[in-house]
Amino acid sequence: MRSNEIVLSVRDYDLDATLDSGQVFRWTRSAGGPPAWTGIVGRHRVRLIRTENGIHAETAMPVENWHWLREFLQSDVDLPAILKTFPDDEPMRKAVAACHGLRVLRQDPWECLASFILSSTKQIVQIRQIVAQLCDCFGEEIPGGPGHPDAARYVRQGSPTSHAFPSARRIASLTEAQLRSCKMGFRAPNLLATARLVADGKFDLERLHHLKYEDALRELVTLPGVGRKIADCVLLFAYGFDSAFPVDVWVERALQQLYFPKRRAGEKRLKQFAATHFGPHAGYAQQYLFHYMRTKAKNNHAKNAKVAREKSQTL
DNA sequence: GTCCAGGACCTAG
DNA sequence: CTAGGTCATGGA
């Protein structure tokens, strides 16, 4: 039965934490009104609202089968069972307590790969800007976007974009200058070269689904602009390899401060620790550490700003 | 103006 | 194996 809305029953699911934890870069929270998230999954434009017993989803165009959304949100995953596999230590307890309901999504491999090629040494806000420009300039218009009769409510909600993520074939057809116009800088040649390999069939993203983690990793890092960290992000966020443990500057800081507070642990030591300490769902643990560190830093900034304001008031 | 950002890659020690 | 420079761009 075709419908343009559905309620997915879920527990322990924090949409805010999940959609704003640096896994995905195209989701926006509506300003004012009930907290709603608008984004694009494949060629579906969808609005999500957390309700008491689940997630209410609404699309502009009627949908026959909602599997794509369950898959993306991983709404059938038993989160408590995963949390039980985390090491029972102080840092993980704090991270879990601070990020209740944080999930790991399951993204389209190409969109995830391309997005993270664009992510290197960029703040998340900037990654969002680059990806938005890339999609608005070169992505296909999605039915139900602004311009479509049913889209009025989405436009009113301030949804930002109406384009699908551009395919590898589309990006492969562009010039480096066109890509650089999206402000991606030195990442442009990497994205272009990788897009060409994928578009030409010289690199098969689908095949990775059938490989073991180590083999899929070895394949991914052969792509230009893809090193260990970005490969692990793609393996975790798009292929569901829960043992992938991406180490960026935030996670490295987390490991350093939380687990080796005394003396600086060598990079080799940290890698060894990360690979063995966090269990079969290490990728989830990593995402909790990452979001925990980021929200803690954000809170500190806000607190410091407040203290500064009060001080300047009293003087 | 300075520092830094979900790095990759190349070179030298 | 580790350290350092380079790449582009803009937020804080």
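Here the structure is a predicted model, which is why all the values come from computation and not from measurement. Chain identifiers are assigned alphabetically (A, B, ...) following the order of the sequence lines, protein sequences preceding nucleic acid strands; residue numbering begins at 1 within each chain.
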- prompt: Between C:dA8 and B:dC4, how far is it from one C1' atom to the other, in whole Å?
  reply: 13 Å
task: Sticking with atom P, work out how far B:dG6 lies from C:dT6, rounded to a whole angstrom.
output: 23 Å
When all nucleic acid strands are considered with a 4.0 Å heavy-atom cut-off, which category describes [X]: base, sugar-phosphate, or nothing?
X      : value
A:L223 : sugar-phosphate
A:R128 : nothing
A:F25  : nothing

field: Intermediate values then yes/no, ring-ring contact (aromatic ring centres under 6.0 Å, His included), A:W250 and A:Y288
entry: CA-CA 11 Å; A:W250 289 94; A:Y288 274 79; over 10 Å; no
- prompt: In whole Å, what is the span from the CG atom of A:D248 to the C1' atom of B:dA5?
  reply: 10 Å
statement: A:R264 CZ to C:dT2 C1', in whole Å, measures 10 Å
Just wondering, do [Y] and [X] contact through their side chains at under 4.5 Å, heavy atoms?
X      : Y      : answer
A:L102 : A:S21  : yes
A:L220 : A:V234 : yes
A:H44  : A:I40  : no

task: Let me see the working for A:R29 and A:D20 under salt bridge (Lys or Arg N to Asp or Glu O under 4.0 Å), right down to the final yes or no.
output: CA-CA 9 Å; A:R29 212 179 117 120; A:D20 191 26; over 6 Å; no
N/O-N/O pairs, protein side and nucleotides 8-12 of chain C side, under 3.5 Å:
from   : atom 1 : to     : atom 2 : distance (Å)
C:dA8  : O4'    : A:F186 : N      : 3.2
C:dA8  : N3     : A:R187 : NH2    : 3.4
C:dT9  : O2     : A:K122 : NZ     : 2.4
C:dG10 : O4'    : A:Q126 : NE2    : 2.6
C:dG10 : N3     : A:Q126 : NE2    : 3.4
C:dG11 : O4'    : A:Q123 : NE2    : 3.4

message: Please confirm whether the ring centroid of A:W110 lies under 6.0 Å from the ring centroid of A:Y239.
response: no
field: A:H163 vs A:F138, ring-ring contact (aromatic ring centres under 6.0 Å, His included): CA-CA, chis, key distance, verdict
entry: CA-CA 8 Å; A:H163 298 264; A:F138 305 115; over 10 Å; no
field: Secondary structure string for DNA chain B (Watson-Crick or G-U under 3.5 angstrom, | for other-strand pairs)
entry: .||||.|||||||
First encountered from the 5' end of DNA chain B, between A:Q287 and A:V226: A:Q287
query: Looking at A:F260, is A:K262 sitting on its ring face, NZ or CZ under 6.0 Å from the six-membered ring centre and within 45 degrees of the normal?
result: no
